[in-house]
Amino acid sequence: MNYIGASPVDTIRGYLVSGRGAVGAFESGETWNGATGIISSNAAADLAHVGIGYAENSAIPAGSYSTFMGQTVGASTILIRYTRIGDANLDGIVDGNDAGTLGGSFNAAGFGQWYYGDFDYDGTVTGDDAGAQSGLFNPSALPL
Ligand SMILES: [Ca+2]
Ligand SMILES: [Ca+2]
């Protein structure tokens, strides 16, 4: 979604946390089927491998998009998509770009966003996020 003025990224993240249903370690309470917020039946059916990610387009460490999922997007855009856990930049693949992003955010304050590597939505990029990403690392996979 394009926006004007202040970024709604924290609001969008809040909707995703509500839809996910829990934060923290994977397969330990999240549902992606919350009563409120942004939900996904596909993510709900495969909690170990997929989720809904989001990004502030202008802040993606691996580079921002001019076209995303077939739509022209600008700098003031929040991107959201169903994708593999570990796909920080939302291209549908978990590869070296995503691993580099996570490495740059690891245990650092102020990087509690999916597009920095916080895939379990607990607000910090930690070993849980890194473990999930390394387990799903597959640069040759077909993009979701
Ligand atoms: Ca990626
Ligand atoms: Ca985390």
Side-chain angles (χ1 to χ4, degrees), residues 1-3 7-34 36-144:
M1 60 169 278
N2 292 304
Y3 64 86
S7 173
V9 67
D10 290 335
T11 301
I12 298 298
R13 178 185 169 83
Y15 293 154
L16 288 162
V17 167
S18 293
R20 191 175 192 270
V23 299
F26 297 96
E27 297 185 282
S28 62
E30 79 275 31
T31 65
W32 282 120
N33 191 28
T36 62
I38 298 170
I39 63 175
S40 165
S41 56
N42 286 334
D46 192 2
L47 297 171
H49 299 98
V50 293
I52 309 174
Y54 67 95
E56 178 81 67
N57 191 31
S58 61
I60 299 172
S64 59
Y65 291 92
S66 55
T67 304
F68 184 77
M69 308 294 280
Q71 294 188 32
T72 300
V73 293
S76 298
T77 304
I78 306 298
L79 310 171
I80 303 173
R81 69 166 292 187
Y82 163 79
T83 191
R84 294 184 168 95
I85 294 166
D87 176 24
N89 72 343
L90 304 181
D91 65 355
I93 305 170
V94 182
D95 66 8
N97 280 330
D98 307 301
T101 292
L102 185 144
S105 314
F106 197 76
N107 276 337
F111 288 89
Q113 307 282 3
W114 175 285
Y115 54 98
Y116 292 138
D118 180 27
F119 309 119
D120 67 1
Y121 284 87
D122 71 347
T124 313
V125 181
T126 64
D128 188 46
D129 305 298
Q133 183 184 62
S134 64
L136 296 170
F137 189 86
N138 186 357
S140 60
L142 290 174
L144 280 186

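Counting starts at 1 for both ligands and their atoms, following the listed order. Quick caveat, the model's predicted, so the values are computed rather than measured.
Residues S64 and N57 have side chains that never bring a donor and an acceptor to within less than 3.5 angstrom of each other.
Shown here are the side-chain hydrogen bond (donor to acceptor under 3.5 Å, both in side chains) partners of D87, two or more places apart in sequence or in another chain: T83. Residues passing the side-chain hydrogen bond (donor to acceptor under 3.5 Å, both in side chains) test with Q133: none are found, sequence neighbours excluded.
Put simply, T126 stays out of reach of the Ca ion (ligand 2), with no N, O or S atom under 3.0 Å from it. For a distance bound of 3.0 Å, the N, O or S atoms of G86 include none lying that close to the Ca ion (ligand 1).
To the nearest 10 degrees, the Ca ion (ligand 2) sees OD1 of D122 and O of T124 at an angle of 80°. The OD1 atom of D120, the Ca ion (ligand 2) and the OD2 atom of D129 define an angle of 120° (nearest 10 degrees). Angle subtended at the Ca ion (ligand 1) by N89 OD1 and D87 OD1: 80°, rounded to 10 degrees.
Side-chain N or O atoms of D129 include one that pairs as donor or acceptor with a backbone N or O of D120 at under 3.5 Å.
Ring-plane geometry between Y121 and Y54 is classed as tilted, the angle between the planes lying from 30 to 60 degrees on a 0 to 90 degree scale.
Looking at D118 and the Ca ion (ligand 2) together, the shortest N, O or S contact belongs to OD1. The Ca ion (ligand 1) is closest to atom OD1 of D91 (considering only N, O or S atoms).
Using a 4.5 Å heavy-atom threshold, the side chains of S140 and N138 count as touching.
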